[in-house]
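Quick caveat: nothing in here was measured; it's all calculated off a predicted structure. All chains are named by letter (A, B, ...) in the order of the sequence lines, taking the proteins before the strands, and each is independently numbered beginning at 1.
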2 protein chains.
Amino acid sequence: MYTIGTLSKNTGVTRRTLDYYDEIGLVKPSSRTSGGHRLYSEDDVMRLERVLALKYMGFSLDKINAILQSSKLNWQESIQEQLDMVKREQERLKMLEQALQGVLYSIEFEEKISWPIISLIMKFYHQEPEELIQQYNHFMNEEEMRKIIECNETMSEEDIREWMKAVYDIKKHQDIDPHSDLALQLAERWLKQAEKMFDHDEQLLGNLWESLKGLEEGVVFYPMDKGVVEFLQKVSKAHGEMG
Amino acid sequence: MYTIGTLSKNTGVTRRTLDYYDEIGLVKPSSRTSGGHRLYSEDDVMRLERVLALKYMGFSLDKINAILQSSKLNWQESIQEQLDMVKREQERLKMLEQALQGVLYSIEFEEKISWPIISLIMKFYHQEPEELIQQYNHFMNEEEMRKIIECNETMSEEDIREWMKAVYDIKKHQDIDPHSDLALQLAERWLKQAEKMFDHDEQLLGNLWESLKGLEEGVVFYPMDKGVVEFLQKVSKAHGEMG
DNA sequence: TATTGAACATCACGTAACGTGTTGTTTTAT
DNA sequence: ATAAAACAACACGTTACGTGATGTTCAATA
């Protein structure tokens with residue numbers, strides 16, 4: 001028999017938590033002293049350990065209560081559900097990470113806080129992956145989309161920065177004469193980074209390009225927007241580069 | 001000027017939320033009708049959009065309030081912190097995913113719910129990655145640890161299942177005669193899966209094995225425990241297989 | 001055995017970001 | 001003018017406890 005204090009020390013759970021678990025009937029001490037002090041038996045301790053294990057898994061106390069009095073089948077179902085939830089949450093966080101990174105780049109390269117861009121980035125990444133893919137569906141199939149997303153994830157920090165810089169430099173100079181040398185340089189740098197990004201898969205790059213031209217507004221592809229796409233088209237026309 | 005209802009429809013934010021944001025002073029309508037109804041100006045809408053963008057980033061309303069009246073430098077710092085947090089959270093979820101998967105396999109292959117094993121798995125994965133790596137430090141360096149973790153992540157569902165089954169079959173028969181044919185078969189199957197797992201990197205497998213022998217208790221490596229390690233050692237001695 | 005300090009029980013309020021519901025008032029459409 | 005819709009303001013509920021406050025019981029010591 002353990003008092004609440006010793007049990008607390010042994011398990012690392014606070015007294016208040018044990019008090020609370022008693023209150024909601026999750027882990028009740030099986031006996032008390034004549035004076036009313038809680039006494040936990042070995043069985044109670046076991047129950048507590050199970051509760052803690054389920055808590056690590058991320059279940060709510062209500063759910064834990066339900067699970068602990070259900071059958072093996074329900075168990076597998078609950079844990080499977082939790083597993084799926086964890087996977088979805090990871091997907092969400094991956095998107096969020098990219099969005100935050102994008103915002104950081106935008107602040108860094110624009111050297112100011114551009115709210116319209118930040119809002120666009122957040123809206124862009126806030127949608128479900130499914131919706132995101134659908135936007136590009138006109139010119140690319142699912143496998144190609146997956147390739148693009150994948151190659152983005154395997155890019156090094158350094159390469160991502162170079163790519164971002166290439167795009168942001170175009171944004172900064174998007175109103176210069178498309179026939180100028182600087183315009184050509186910027187476009188060529190962009191093309192170089194884009195090819196590097198897609199591992200020189202010209203087919204993939206071509207399809208992406210067609211898709212980009214079709215999209216109307218917003219953050220089209222990473223930091224690229226309509227202005228950048230149009231700039232590249234103008235330079236291409238002026239110098240006869242690209243399809 | 002928008003009433004609370006129209007603003008709610010336009011942004012998808014509930015009336016109660018706008019009410020609440022007004023109450024805590026996060027987004028206050030800049031004017032009211034003579035009767036006291038809220039009227040939001042374009043500036044108010046902009047403020048709301050910024051708040052929402054920051055909310056998507058995962059900041060608390062308190063933090064958002066603080067961020068919205070701070071300088072650019074603090075911004076970068078806050079977003080960087082948030083980015084780091086998101087990364088850490090992803091690490092945590094990755095561990096949790098593996099733990100849940102482990103629990104599912106244990107229920108599936110043992111065909112019952114084994115609480116001691118579940119508790120062990122959860123304790124094992126509940127520690128920080130740093131601590132986890134330290135447990136194996138005696139025989140492996142960091143790079144090798146990283147390799148092992150990596151190869152585990154790149155394994156297919158199918159391969160993981162095969163590996164799990166190999167280990168669980170040993171657990172089931174861990175008391176049979178080490179000299180028997182079945183024992184040899186089980187050990188050979190284990191070895192085959194282990195080699196496949198490490199892409200036939202004998203050096204790495206050898207070091208892992210040394211490390212496993214040194215560890216005293218608990219869920220040593222995935223579903224492997226001390227019993228499995230000892231079984232493999234006994235079979236090895238009996239048949240002269242492995243180092 | 002009396003005392004005293006530590007441990008304990010019980011209660012109450014606070015947390016974050018709203019959802020839900022009630023009551024009474026204002027606006028809008030007819 | 002009237003009825004319906006929209007609105008303001010308030011209150012209580014939610015999770016899993018943390019942080020006290022107050023009064024009681026236990027264990028060790030004098």
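Nucleotides of DNA chain C with any atom under 4.0 Å from a heavy atom of chain B span, from 5' to 3', dA17(C) to dT27(C).
Sequence order on DNA chain C of the closest nucleotides to Gly5(A) and Thr14(B) puts Gly5(A) first from the 5' end. Positionally, the nearest nucleotide of DNA chain D for Thr3(B) lies more toward the 5' end than for the other of Thr3(B) and Arg16(B).
At the heavy-atom level, Lys55(B) lies under 4.0 Å from the strands shown only through sugar-phosphate atoms.
Counting to the nearest Å, the P atom of dC7(D) and the CG atom of Leu18(B) are 10 Å from each other. The nearest whole Å value for the distance from the CG atom in Leu7(B) to the P atom in dC7(D) is 10 Å. For the pair Phe59(A) CZ and dT15(D) P, the interatomic distance rounds to 17 Å; values are reported in whole Å. Taking atom CZ of Arg15(A) as the reference point, atom C1' of dG18(D) lies 13 Å away to the nearest angstrom. Between Asp62(A) atom CG and dA16(D) atom P there is a gap of 7 Å when expressed in whole angstrom units.
Using a distance-only test at 3.5 Å, with no hydrogens or angles considered, a donor-acceptor pair links the side chain of Ser8(A) to the main chain of Val13(A). Looking at Gln76(A), its side chain never comes within 3.5 Å of a backbone N or O of Ile107(B) through a donor-acceptor pair. In this structure, the side chain of Glu89(B) does not engage the main chain of Leu93(A) through any donor-acceptor pair within 3.5 Å.
Near DNA chain D, meaning a heavy atom under 4.0 Å away, the residues from residues 32-48 of chain B are Arg32(B), Gly36(B), His37(B), Arg38(B). Shown for residues 20-29 of chain B: no residue has heavy atoms falling under 4.0 angstrom of DNA chain D.
The 12-atom threshold is exceeded at NZ of Lys171(B), counting heavy atoms of other residues, nucleotides or ligands nearer than 6.0 Å. Annotation: Lys87(B), atom NZ; neighbour count of heavy atoms from other residues, nucleotides and ligands within 6.0 Å is above 12.
With values rounded to the nearest 0.5 angstrom, Lys63(A) atom NZ is found 12.5 Å from Met57(A) atom CE. Considering CD1 of Ile160(A) and CD of Gln193(A), their distance stands at 11.5 Å, rounded to 0.5 Å. We find the CG-CE distance between Leu96(B) and Met122(B) to be 5.5 Å, quoted to the nearest 0.5 Å.
Among all heavy-atom pairs drawn from Ile118(B) and Ala53(A), the shortest one is CG2-CB, 4.5 Å.
Ionic pairing of Asp44(A) and Arg47(A) is not present here: no N-O contact between side-chain nitrogen and carboxylate oxygen is shorter than 4.0 angstrom. Between Glu91(A) and Lys94(A) there is a salt bridge, since at least one side-chain N of the basic residue sits less than 4.0 Å from a carboxylate O of the acidic one.
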